[in-house]
Amino acid sequence: MATNFEVSLRFNVFVLSLVVTFMFVSNIFVSSFQFRVGGEIGWIKPIGNESETYNEWAARNRFHIGDTLYFKYKGDSVLEVTPANYLNCNTTSPISKFENGETIYKISHPGFFYFISGQKNNCNFGQRIIIRVMHPSEISSPASAPEISPSPAVGGGGGDGGDGWGSDFLGPPAINSTTVLSVFSCFVTALGGVMVFLYLLM
């Protein structure tokens with residue numbers, strides 16, 4: 001017959017196992033993040049007094065596979081386009097078109113994504129954005145990741161007042177909330193695993 005100590009120990013191990021499992025599952029869910037394109041202003045035609053362009057907003061964030069882009073707009077649309085159509089604000093042959101007012105676009109692979117307004121004039125005024133999605137190898141070893149320059153097909157100069165990207169658009173990967181949550185969750189999960197292992201040795 002099990003002693004009170006053995007029952008208590010088994011219960012503690014059971015509780016810790018549940019906690020570790022919960023942390024592992026939560027790590028899976030926090031590894032993706034939803035970005036509201038343009039922040040609070042959303043997806044609108046720039047009027048000239050904005051604190052930053054759409055590409056400057058994109059430069060402050062790091063996008064990963066599994067993240068989603070949330071476009072909020074009225075009387076407009078979102079077009080996913082080729083680099084050439086991005087550069088020329090060509091709305092006639094988009095890769096994808098969204099016009100429901102609240103578009104959620106899931107990122108499925110690394111690389112560059114180009115979006116413009118469905119209203120050509122809006123695009124000409126700066127309602128367009130380039131999203132660069134990090135490759136998984138950059139996330140796992142950020143210290144060794146090279147600095148990334150924009151696609152030469154796009155050109156432009158975010159640093160010279162244009163709404164394209166300058167050559168210094170992206171430096172070493174920054175740490176955003178997604179990275180912090182993932183690192184923290186992995187740490188807590190590992191710590192919980194060590195605690196369970198130590199309990200089992202008692």
Side-chain angles (χ1 to χ4, degrees), residues 25-47 49-83 85-86 89 94-119 122-123 125-140 142 145 147-151 154 156 158-159 162-166 168-186:
V25 171
S26 68
N27 182 50
I28 294 173
F29 284 105
V30 300
S31 62
S32 61
F33 191 78
Q34 183 172 97
F35 294 88
R36 179 168 176 159
V37 175
E40 288 300 314
I41 66 169
W43 185 242
I44 63 170
K45 173 185 173 182
I47 57 176
N49 63 351
E50 290 79 13
S51 60
E52 61 184 358
T53 67
Y54 284 105
N55 281 331
E56 287 170 341
W57 172 85
R60 290 192 296 101
N61 295 288
R62 291 296 178 264
F63 305 95
H64 307 103
I65 297 171
D67 288 345
T68 54
L69 305 173
Y70 173 58
F71 293 86
K72 175 78 173 174
Y73 51 95
K74 290 182 180 178
D76 200 347
S77 59
V78 179
L79 307 183
E80 181 186 3
V81 296
T82 64
N85 286 345
Y86 169 90
C89 286
I95 297 170
S96 303
K97 181 175 183 177
F98 310 95
E99 47 191 355
N100 63 357
E102 293 191 36
T103 298
I104 297 177
Y105 184 95
K106 185 167 185 179
I107 297 169
S108 59
H109 58 85
F112 293 90
F113 293 78
Y114 304 86
F115 299 94
I116 65 175
S117 166
Q119 305 293 326
N122 291 8
C123 177
F125 274 98
Q127 192 180 349
R128 53 180 169 173
I129 189 169
I130 303 172
I131 300 293
R132 178 188 173 266
V133 180
M134 298 176 70
H135 191 277
S137 63
E138 295 177 76
I139 301 167
S140 60
E147 291 193 9
I148 305 298
S149 294
S151 169
V154 175
D163 51 16
W165 282 1
D168 59 346
F169 179 75
L170 289 177
I175 296 177
N176 64 10
S177 58
T178 307
T179 306
V180 171
L181 286 171
S182 296
V183 171
F184 176 75
S185 187
C186 286

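None of the values given here were measured: they were computed from a predicted structure. Residue numbers count from 1 along this sequence. Just the heavy atoms: all of them, side chains too, but no hydrogens, waters or symmetry mates, feed the values below.
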>> If you apply the rule side chain to side chain contact (heavy atoms under 4.5 Å, CB included), what do you find for Y114 with N85, and how did you get there?
In response: CA-CA 9 Å; Y114 304 86; N85 286 345; over 6 Å; no
>> Rounded to the nearest 0.5 Å, what separates atom OG1 in T68 from atom OH in Y105?
In response: 12.0 Å
>> If you apply the rule side chain to side chain contact (heavy atoms under 4.5 Å, CB included), what do you find for K45 with S117, and how did you get there?
In response: CA-CA 8 Å; K45 173 185 173 182; S117 166; over 6 Å; no
> Is T53 close to P46 at the side-chain level, that is, under 4.5 Å between some pair of heavy atoms?
Replying inline: no
> Does R132 reach the side chain of F63, with side-chain heavy atoms less than 4.5 Å apart?
Replying inline: no
> Does the side chain of H64 come within less than 4.5 Å of S32's, by heavy atoms?
Replying inline: no
> Nearest heavy-atom pair of S51 and E56: which atoms, and what distance?
Replying inline: O-OE1, 4.3 Å
> Within the distance-only criterion (no hydrogens, no angle test), does the side chain of N55 pair as donor or acceptor with the backbone N or O of I130 below 3.5 angstrom?
Replying inline: yes
>> With rounding to the nearest 0.5 angstrom, report the CD1 to CG distance, I131 to N61.
In response: 8.0 Å
> Quick one: does W43's side chain have a donor or acceptor within less than 3.5 Å of a partner on G101's backbone?
Replying inline: no
> If every non-hydrogen atom of I41 is compared with every non-hydrogen atom of G38, which pair is closest and at what distance?
Replying inline: CG1-O, 3.1 Å
> Where is the tightest heavy-atom contact between S77 and E99, given as atom of each residue plus distance?
Replying inline: CB-CB, 3.8 Å
> Is there side-chain contact between R60 and E52, with at least one heavy-atom pair below 4.5 Å?
Replying inline: yes
> Given side chains that start at C-beta, do those of R128 and Y54 come closer than 4.5 Å, heavy atoms only?
Replying inline: no
>> Working note: Y73 + N100, criterion side chain to side chain contact (heavy atoms under 4.5 Å, CB included); need CA distance, chi angles, decisive distance, verdict.
In response: CA-CA 9 Å; Y73 51 95; N100 63 357; 3.4 Å; yes
> Measuring from L79:CG to T82:OG1, what's the distance to the nearest 0.5 Å?
Replying inline: 11.0 Å
> Between G75 and Q119, what is the shortest heavy-atom contact and its length?
Replying inline: O-NE2, 4.1 Å
> Any idea which heavy atoms bring R62 and F35 closest together, and the distance?
Replying inline: O-CZ, 3.4 Å
>> side chain to side chain contact (heavy atoms under 4.5 Å, CB included), that's the test. Do W57 and I129 meet it? Break it down for me.
In response: CA-CA 9 Å; W57 172 85; I129 189 169; 3.6 Å; yes
>> How close do L69 and V37 get, counting heavy atoms only, and between which atoms?
In response: CB-CG2, 4.0 Å
> CD of Q127 to CD1 of I44: how many Å apart, nearest 0.5 Å?
Replying inline: 7.5 Å
> How far does CZ of R36 sit from CD1 of I104, to the nearest 0.5 angstrom?
Replying inline: 11.5 Å
